[in-house]
Amino acid sequence: MCGRYAYFYKLNQVLQLIAGGWTTEEAFDAIFNVAPTMRAPVILLGKNGEPGLTKLTWGLVPSWTEDTSIGAKMFNARSETIREKPAYKEPFEKRRCVVPISGFYEWETLRELKRKKPWYVSPSDESIMLLAGVWERWGTGEDRLDTYTVVTTQARGRMAEIHERSPVMLRGTDWSTWLTGTQEEAIGLCEPREPDWLSFRPVSTRVGNVKYNDPSLLERVENEPGEQLGLF
DNA sequence: CCAGACGTTGTT
DNA sequence: GTCTGG
DNA sequence: CCAGACGTTGTT
DNA sequence: GTCTGG
């Protein structure tokens with residue numbers, strides 16, 4: 001699944017992908033530790049029907065809720081049930097979006113060591129990783145809050161060795177189909193696939209703490225102190 | 001009809 | 001807002 | 001997702 | 001153990 005990721009593209013790299021697209025910002029800061037409730041770049045269709053890049057808050061807040069803090073736990077939506085769940089049904093029908101990321105973090109549970117091991121997962125060819133998402137608008141005027149969530153599916157291949165769930169990754173021109181296709185076409189893109197285009201790299205447990213946000217989080221760490229022998 | 005939920009993951 | 005459960 | 005808090009009254 | 005905050 002996907003509860004933490006990194007984004008460090010230049011604006012032009014993403015704009016080239018959605019050739020001719022609009023943007024609400026002159027630049028998007030690199031974030032090496034995006035967590036739920038934070039704001040990050042998202043591609044969605046504007047009023048003119050053209051895709052563009054803007055900043056939304058991670059963690060979908062349904063339009064009808066009173067308490068927006070519910071968003072903190074709505075950062076993933078299961079593709080298997082996204083068409084039925086009240087909070088996600090309409091966003092899936094009318095407001096699908098694409099989340100451009102550099103790579104995501106995944107925590108592998110090491111049961112015998114009673115600890116979790118974070119991995120950084122990213123495309124081997126350094127292409128832009130595009131995740132399937134849906135977004136929602138809460139409130140009006142000053143109080144307006146636009147939020148998004150990342151769609152998940154069953155993990156396959158190498159991915160499944162680390163975690164049972166995986167974000168839905170859009171390959172090639174699938175991102176365009178996700179944004180403008182029919183519901184049937186969109187749900188079809190959520191079928192589990194073996195991600196043989198991905199690289200996996202163990203990283204420091206520092207990534208667990210959102211106060212850390214720098215490129216060193218991406219560095220390979222073969223063994224955390226004490227991991228090998230389960231010391232301490 | 002009204003009341004109450006509306007989410008996922010992981011672990012047991 | 002919309003669906004489910006009673 | 002993980003990390004960190006988890007409480008109230010009264011006084012400044 | 002469970003909730004909140006980032």
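Chain naming here is simple, since letters A, B, ... match the order of the sequence lines and numbering starts at 1 in each.
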Any base atoms under 4.0 Å from [X], or only sugar-phosphate, or nothing? Heavy atoms, all strands.
X       : result
P62(A)  : nothing
K116(A) : sugar-phosphate
K73(A)  : base
T152(A) : sugar-phosphate
S69(A)  : nothing
S63(A)  : nothing
A35(A)  : base

Between [atom2] on [N] and [atom1] on [X], what's the gap in Å once rounded to a whole number?
X       : N      : atom1 : atom2 : value
Y88(A)  : dT8(B) : OH    : P     : 5 Å
Y212(A) : dG4(D) : OH    : P     : 9 Å
M38(A)  : dC2(D) : CE    : C1'   : 11 Å
I82(A)  : dC3(C) : CD1   : P     : 16 Å
E164(A) : dC1(D) : CD    : C1'   : 16 Å
W64(A)  : dC6(B) : CH2   : C1'   : 4 Å
K85(A)  : dT4(C) : NZ    : C1'   : 11 Å
Y7(A)   : dG6(E) : OH    : C1'   : 20 Å

Checklist line | Euclidean distance, S122(A) OG relative to Y105(A) OH, rounded to 0.5 Å | finding: 9.5 Å
Notebook entry, point to check: At what distance, to the nearest 0.5 angstrom, does NZ of K10(A) lie from CZ of F28(A)?
Noted result: 13.5 Å
Margin query: Just checking R111(A): does its CZ atom have more than 12 heavy atoms from other residues, nucleotides or ligands closer to it than 6.0 angstrom?
Written below: no
Checklist line | Gap in Å between the two P atoms, one belonging to dG4(B) and one to dG6(E), rounded | finding: 32 Å
Checklist line | P spacing across the pair dT9(B) / dT2(C), given as an integer number of angstrom | finding: 26 Å
Item checked: Stacking check F75(A) vs dT8(B) (5.5 Å / 30 deg) -> no
Notebook entry, point to check: With respect to the phosphate group of dG4(D), does any side-chain polar atom (N or O) of N209(A) fall under 4.0 Å of OP1 or OP2?
Noted result: yes
Checklist line | Distance test, side-chain N/O of R78(A) to OP1/OP2 of dT9(B), below 4.0 Å | finding: yes
Check: Got a sec, which pairs hit side-chain hydrogen bond (donor to acceptor under 3.5 Å, both in side chains) with one end in residues 45-62 of chain A, sequence neighbours left out?
Finding: T24(A)-T54(A)
Next item on the list: Name the pairing partner of dA3(D), where a pair is Watson-Crick or G-U wobble with both distances under 3.5 Å, or state none.
Entry: dT4(E)
Next item on the list: Identify the heavy atoms of G133(A) and V151(A) that sit nearest to each other, and give their distance.
Entry: CA-CG2, 4.1 Å
Check: Any cation-pi pair here, R206(A) with Y212(A), using under 6.0 Å and within 45°?
Finding: yes
